[in-house]
Amino acid sequence: MDLYEYQGKQYFARFGIPVSPGGIAKSVDEAVAQAEAAGYPVVVKAQVKVGGRGKAGGIKLAADPDEVRRAAEAILGMDIRGHTVHRVWVEHASDIAKEYYASFTLDRPAKLHLGMLSAAGGVEIEEVAATNPEAIARLHVNPCDGLDEQTARRWVDEAGLDEEAREEAARLLVRLYRCFVEGDCDLAEINPLILTTDGKVHALDAKVTLDENAAFRHLEWEELAEDEIEDPREKMAKEKGLNYIGLEGSVGIIANGAGLAMSTLDVVNQVGGKAANFLDIGGGANAEVMTAALEVINADPSVKAILVNIFGGITRVDDVANGVIAALANVEIHSPIVLRLDGTNAEAGRALLASHLSDSVLAEPTMLAAARRAVELAR
Amino acid sequence: MSIFVDETTTVVVQGLTGGQGRFHGLRNRDYGTKVVAGVTPGKGGTDVEGVPIYDTVAEAVEVTGATASFVVVPPRFACDAILEAADAGISLIVCITEFIPAQDEALTYNRLVREHPGTRLIGPNCPGIISPGKANIGITAGDIALPGGPVGIVSRSGTLTYQALHELSQQGVGQTTCVGIGGDPVPGTNFIDCLEAFQADPETRAVMMIGEIGGSEEERAADYIGQHMDKPVIAYIAGVTAPPGRKMGHAGAIISGSQGTAQAKIDALREAGVTVASNPTEAGEMMVEIVRGLG
Ligand SMILES: Nc1ncnc2c1ncn2[C@@H]1O[C@H](COP(=O)(O)OP(=O)(O)O)[C@@H](O)[C@H]1O
Ligand SMILES: [Mg+2]
């Protein structure tokens, strides 16, 4: 789960990482009130879960209430790369001497934690990473050892942070690492991490991704109340407990297993179609799950054909077939459906289905044939 | 021969008294796997259909001499279960548990490397491992596999693995071992570990590798194949059309920025001389061809 900047900063604060004082606002008036509380000058910052807000005009400096008004008016409702701004974060403006970059994430190939630290942080960090990778000091941390202050201090030296920032930065990085580990983050990133003109180090931005698998030990995450899911299909699927991702095409997909579902999207594409969604119904494939899946797909107006791709392993295909038949009786589908059921007891499953086939309920023996048929029907 | 497990492997099932553990553990036993013990703290002294239950893995190992463990416990207990097995001297741990926190997984992996270098972990979040006709540890339906080799399979995805097994078996092409390494970000066993073992196994004469988006294990595997393997490898990579930034079902199946795309993996594999199929059916057909050609 990605956090907004303001949530990320609140999360950082729990671990003792200094952030700017500020408040959240949903309207121009609220923004002015928050500015008064934070103390002028302030920065009005668009809250969207995408980087590069500064470059997109989503971050504006304001010295008085009028300027806050104008800034908030411009930013609220703005579209930043497909994300509409519903809220702004208004925080006290810092006098920036230097902008650094710091982050922790998992290095998958190394199977170790990876810290990245650079004296050349700020809005151009991608550019720096691409053209001048040596400007980023990388530190592998073994989770068994953790990160201590001496190591952090050497790392800060290596990254070439300004002398006066080093001690505080090292202390902050140890806290950021704790936040990453104990806070169960997939990513904890500060860009920019700043040195102020009066010699303080603090986090001016926060990019935090939480690992949802750890939600059971973070009751405080409940407050982070996930936003309204914007895609109504994804919202409906989530309510039904389905593993669904909305896409742009016209072939609705139901498959069991993440790999098989992904593969089904690819095969549909290969034969000239486009999938309307990713949907993995897992091992079960019983009537209940199949019904829920069909309901979600059916509610998607761009779906012109449905492709059900099930491989029965321990769940036998005859059981799956019964599930499909029951689900088809529960849901009045708007588009033709192509079934590909294979695996354990496939023959028996297909025999069960035979009497239910029609112009709008078809069966194909292979994934490729089924994809071809579904794509044809979607045209 | 087979890799990692065979008819001599003796298995303790951690979580045998739970719903899933009982179902899959007993299925594994019915398949012919030597399931010699179960472990559930507090339930020592009871049994599950004749399989004795112990309170600890150490006890189970002491009494039964089990060499492998099948971990079927909920995510918040799985890592402790894995480390308990390693502490008890188990040399092969198969963990099917999905949704383990990534931090726990990374810590556990590194603790195993450091404290128990002789222990192999397969998974988590994997279907398990089957050496057809010899042993099946995990949730694979044993009857879709065919004993006798000569194909080794290694895969990050469950259902795609079943599909591969099924298609080969239906054409009369058997398998030596099929390893599901799982879809999590920090798998205990990598593609390369399995490829190495298959390369060294005289009965495995060709290898099928099934990858997916996310991470760079396939690229690393491609390097390994290019440098160290002379057995033919057929690969299939799922997720060519997956949108970036979304977890496609598996925790590890995510394209981050330009990292982890299917195309990059396919390119790397082709460069290493691997035949990459464009769909799972084609991968199966290509493998059947290769095996027929081996005579
Ligand atoms: N509180 C602040 N005081 C002064 N400058 C700020 C403040 N917040 C942001 N900025 C400036 O705006 C830039 C972009 O802000 P940031 O929060 O990093 O957004 P993004 O990364 O989305 O562009 C920063 O690099 C910094 O120069
Ligand atoms: Mg930033």
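Convention: sequence-line order gives letters A, B, ...; per-chain numbering from 1.
- Summarising the geometry of B/Pro185 relative to A/Leu106, their closest heavy-atom pair is CB-CD2, 3.9 Å, with the distance given to 0.1 Å.
- Heavy atoms of A/Thr366 lying under 4.5 Å from chain B are absent altogether.
- For A/Leu247, the part lying near chain B is the side chain, with the backbone staying farther off; criterion is any non-hydrogen pair under 4.5 Å.
- Looking at heavy atoms from C-beta onward, B/Gln103 lies out of side-chain contact with A/Asp211 at the 4.5 angstrom threshold.
- Using a 4.0 Å cut-off between charged side-chain N and carboxylate O, A/Arg316 and B/Asp143 make no salt bridge.
- If you tally non-hydrogen atom pairs under 4.5 Å between each of B/Pro187, B/Gly239, B/Gly215 and chain A, the highest count goes to B/Gly239.
- In terms of heavy-atom pairs under 4.5 angstrom with chain A, the leader among B/Val113, B/Ile139, B/Leu160 is B/Leu160.
- Environment of CD in A/Glu248: sparse, with no more than 12 heavy atoms of neighbouring residues, nucleotides or ligands closer than 6.0 Å.
- Looking at B/Ile100, only its backbone comes within 4.5 Å of chain A, counting heavy atoms on both sides.
- For A/Arg14, the CZ atom is loosely surrounded, since the number of other residues' heavy atoms within 6.0 Å does not exceed 12.
- When all heavy atoms of B/Ile213 and A/Met262 are compared, the pair lying nearest together is CG1-SD, 3.8 Å.
- In this pair, A/Phe311 and B/Tyr162 present their aromatic rings tilted. The plane angle is within the 30 to 60° band.
- With hydrogens and angles left out, the side-chain atoms of B/Thr241 and A/Asn269 include no donor and acceptor closer than 3.5 Å.
- For the atom pair A/Asp266 CG and B/Ile237 CD1, the distance stands at 10.5 Å (nearest 0.5 Å).
- Heavy-atom neighbours of A/Glu182 CD from other residues, nucleotides or ligands within 6.0 Å: above the threshold of 12.
- Two residues are said to be in side-chain contact when any heavy atoms from C-beta on lie closer than 4.5 Å; A/Leu112 and B/Tyr109 fail this criterion.
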Would you check, one step at a time, whether the test side chain to side chain contact (heavy atoms under 4.5 Å, CB included) holds for B/Glu282 with A/Val267? CA-CA 11 Å; B/Glu282 191 182 81; A/Val267 172; over 6 Å; no

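- The structure places OG of B/Ser278 at 8.0 Å from CG of A/Leu368, a figure rounded to the nearest 0.5 Å.
- Contact count versus chain B (heavy atoms, under 4.5 Å) is highest, among A/Ala214, A/Pro109, A/Ala275, for A/Pro109.
- Checked by atom type and distance alone, the side chain of B/Asn110 never pairs as donor or acceptor with a backbone atom of A/Cys144 at under 3.5 Å.
- Heavy atoms from other residues, nucleotides or ligands lying under 6.0 Å from CD of B/Gln20 number 12 at most.
- The environment of A/Glu220 atom CD is dense: over 12 non-hydrogen atoms of other residues, nucleotides or ligands sit within 6.0 angstrom.
- Residue with the most contacts toward chain A among B/Gly158, B/Gly214, B/Ser155: B/Gly214 (heavy-atom pairs, distance under 4.5 Å).
- Counting heavy atoms from C-beta outward, A/Pro143 and B/Arg111 have side chains that stay 4.5 Å or more apart.
- Between A/Gly259 and B/His250, the shortest heavy-atom distance links the atoms N-CE1, 4.3 Å.
- For B/Ile144, the part lying near chain A is the side chain, with the backbone staying farther off; criterion is any non-hydrogen pair under 4.5 Å.
- Looking only at side-chain heavy atoms (C-beta outward), A/Phe278 and B/Pro243 stay at 4.5 Å or farther from each other.
- Between the side chains of B/Asn190 and A/Lys111, a donor-acceptor pair is found at a separation under 3.5 Å.
- Only the side chain of A/Asn243 comes within less than 4.5 Å of a heavy atom of chain B; its backbone N, CA, C and O stay farther away.
- Shown here for A/Asn142 and B/Arg114, the closest heavy-atom pair between the two residues is ND2-NH2, 3.3 Å.
- The shortest distance between side-chain heavy atoms of B/Met248 and A/Leu265 falls below 4.5 Å.
- For A/Asp107, no part sits under 4.5 Å from any heavy atom of chain B, backbone or side chain.
- With 3.5 Å as the limit, one finds a donor-acceptor pair spanning the side chains of A/Gln270 and B/Asn279.
- A/Lys274 NZ: 12 or fewer foreign heavy atoms inside a 6.0 Å radius.
- The pair B/Asp184-A/Arg108 does not meet the salt-bridge criterion, since no charged nitrogen lies less than 4.0 angstrom from a carboxylate oxygen.
- At a 4.5 Å heavy-atom cutoff, the contact between B/Glu212 and chain A is made by side-chain atoms alone.
- Atom OG1 of B/Thr159 is separated from atom CD1 of A/Ile310 by 9.0 Å, given to the nearest 0.5 angstrom.
- With respect to chain A, the highest number of heavy-atom pairs below 4.5 Å among B/Glu217, B/Gln170, B/Arg27 belongs to B/Arg27.
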